[in-house]
Every structure is written in C-alpha cells, then in structure tokens.
Amino acid sequence: MTTKGFLRPVTRRAMLSGTAGAATFIATSPLHSPAIAQNAPLKVGMMLPYTGTYAKLGQFIDDGFRLYVEQKGGKLGGRDIAFVQVDDESKPEAATDNMNRLVGREKADVVVGTVHSGVAMAMVKVARDTKTLLIIPNAGANDATGPACAPNIFRTSFSNWQSTYPMGKVMADAGIKNVVTITWRYTAGAEMIGAFAENFTKNGGKIVADLTVPFPEVEFQALITQIAQLKPDAVFSFFAGGGAVKFVKDYAAAGLNKTIPLYGAGFLTDGTIEAQGEAAKGIRTTLHYADNLDNPANLAFLKAFKAKTGKDGDIYAVQGYDGAALLDIGLTAVGGDFNARDKMIAAMGAAKINSPRGPLSFNKAHNPIQNIYLREVRNGRNEMISIAQADVDDPARGCKMT
Ligand code: PHB
C-alpha cells in the first residue's frame, strides 16, 4: 500500500489478528500523538478498500478527500489534518475489528468510510457505540440513514434507494414492460434492485426474473445465457468497480447489447468506463453525477483532480471531496474546536454545499438531498440526458434521531 498526498508519509504498521486477518494501518501525519489539544492535528481515519474489486473506488474517494484538504492548505476549519488509513478489503467479517482499531488504538477523531454497504453497517454500529463522528463517502446501505441513523453519522454519497428509484419511472415511461434484473447478492444489490422495482412496477412494469451472483464473484456466463433465453425488453443491473467492468464486457461479448438494452445504477459505468471501452456505449444509468455537468464547481473540481492525480474525476472522487467539505463546514462553525460537538453537528446538518454534482444538502437523517441524473454513455463519457428526478430525498424509513 502506498501513501499519497501533501504530508510526508510516516509509516506505522499494526498487524491485526483473529478473523480479520492481517490489515495494515498507515499513518500519514506530521504527529502521531492523540489529538487532545484543540491545536493538535485532527486525526482522520480513512477506512476504505484499497485492494479487491472496489480498490479503485476507495482510492478515488481518498484522493478526492485529500484534494479538498490540500486546497485548504492542509487544514479544515483552521485545524491541521492528519491521516491514518486502513484497507478494509470490502470484507464485512473484518470490519468491526478494523473500525475498533481505528477509534481505539489509532485514536481517530473522525472516520471516513466506506464503499461496501456490509462493511459500512459494521462501522455504523461501532460509531453509534463509541459516538465517533463517521462520514460515509459511498456505501448506500439504507439503514445507515434509516433505523441506524444517529447525530454523529453523515453520508455524502446516496442511499441505495435514492440512486435507482427514479430509474423505475424513466424505464416505464420509455415503454419498457418486462425487465430482468441482475446484481451481486448483498445489501447494496438487493436495495438498489428493490428501489428500482418498487417504482417500475408502480408504473406498470413487470420484473420477469431477479438474477444474482455472490459478491464479489464475476462468473456471469450462465446468467447471461439465461437473459438471452428470457428475452426481456431490457436488463437493469447493479455492479461496480472491477466487477462492473467484467459484466459490461461479458454482456457485449455475448452480443446482448445489440438486442437487449442494458440499464443500471450509475455505478455500472462510473469509474469503469475507460476500462469498458466500446462495450459501454449506449448504456443508460441513473446517478447523482454526470461527467459533463457544466457547473463551475464541477469544472474546477475535474481540473484540480486531474492536476493532482493525472486521472479523470468520477463520482467516488466527488463523494470524498464533499466529505472533506462537510467536515470543513462543521469545524469552521466551531473554530476548529472538535469538542464543541453539538454545534459542529448542527452546522454539518444544515450544510449547503455547492458540489460538483450540483446542489447538495442533508435531510434529518443526514442523507444527501440531491438531483438524480439520467445519463448515457456517449463519447466515452457518462453524459447527462436529463434530470431524472430533482432534489431526491430518501424517505429515511425508521430513522429516529436522538
Ligand atoms: C455499496 O455496497 O453500498 C456500494 C458499493 C459500490 C458502489 C455503490 C454502492 O459503487
């Protein structure tokens, strides 16, 4: 694992034992001492997948977060920021141990993580028990801003429900009647397919079959054969990262992209489009971002991200960037005094961020309220076609903020 960013890397390793296997903690900070004094650096624990099918997603979130901090001269709300990071490998079974180490031994003040819904829910539990401030920069698990919502838990990404619900109506309005769904068999897949199906069937559509493979497997051939036999009007899918690259390529290699249009949650083609090449052409998805959003914040973000990393920014980088912006708003409201917790949390809850994705605010469960865009892969980019649904607010079912 490598460390990057504006701070000179200082390496400290701690091996984990038990079911978690071995995890590596890397501190990238000018100081290792616990952040007790108000002028000591605030320690941000990055718990993300740096390996496995979601590795690129984790790295882009990390890069986006650090880009914002760099733009603020290494400080948020006037407070120096130090980092410690852990590779969660998208393994829910290791998540509780990893999170406990971050808030225990590593004494992280704030944890930023993660990508995978199952890992995130284990983090949410520890954050609730220890009252650690947690900023979720991707994982969409509905429960995190539903029954498990808490004042100290914020999300700068989306709920799984939010990202795909609008597509149900879009596809029904396009005259599509019969759909086969396909995804990984875990929380994110089930919730994204569920929200799509909720709206699609409400608008007269029919789900012909729900196909799944275990996460993170990528043996799609048998299911692709099944889709060819079922001949639906369209396919709706959720895959992301390395798995999405493989699925889109396999779908095209079987020739299905010519006969059965492929739709999905935007993660299918975000951060993956370059590797998918021609196979991604014409895929339509919904997401809270599009590459060609022509607002000044997005143009400036894409330019700065490219200058820092040499890469094109995507939704993951934006979610990391906005995570740092949200923390900045909280810390600025209290002049960097992390102990003024209630005031800081109130400021974060009331934040209105001029995000590269467009206007971003938060509901009472601390989940984003944001536009969901209909996009199509054109010219090797996820280009916006329309706003599928404006200011989408997750219903926050079961959330009781205490
Ligand atoms: C999730 O597990 O919540 C998840 C993972 C990857 C994505 C989106 C959601 O791209």
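Counting convention: from 1, in listed order, for ligands and their atoms alike. Computed from a predicted structure; not experimentally measured. Residue numbers run from 1 in the order of the sequence given.
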Distances under 3.5 Å, N/O of ligand 1 against N/O of the protein: list each pair and its distance.
| unit_1 | atom_1 | unit_2 | atom_2 | d |
| --- | --- | --- | --- | --- |
| ligand 1 | 2 (O) | Val115 | O | 3.4 |
| ligand 1 | 2 (O) | Ser117 | N | 2.7 |
| ligand 1 | 2 (O) | Tyr186 | OH | 2.5 |
| ligand 1 | 3 (O) | Ser117 | OG | 2.6 |
| ligand 1 | 3 (O) | Gly140 | N | 3.0 |
| ligand 1 | 10 (O) | Tyr316 | OH | 2.7 |

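Listed by first and then second residue, the salt bridge (charged side-chain N to carboxylate O under 4.0 Å, His left out) pairs that reach into residues 234-250 are Lys246-Asp250, sequence neighbours excluded. Applying the salt bridge (charged side-chain N to carboxylate O under 4.0 Å, His left out) test to residues at least two apart or on different chains, the pairs with a partner in residues 338-359 are Asp322-Arg357. For the ring-ring contact (aromatic ring centres under 6.0 Å, His included) condition, the pairs that include at least one residue of residues 353-382, sequence neighbours left out, are Phe154-His366.
Residue Ile227 forms a side-chain contact (heavy atoms from CB on, under 4.5 Å) with just one option from Leu256, Val208, Leu262, and that option is Leu256.
Between Phe65 and Phe83, the two ring planes are perpendicular [angle over 60°; tilted spans 30° to 60°]. By the 30° and 60° cut-offs, the orientation of the rings of Trp161 relative to Tyr165 is parallel.
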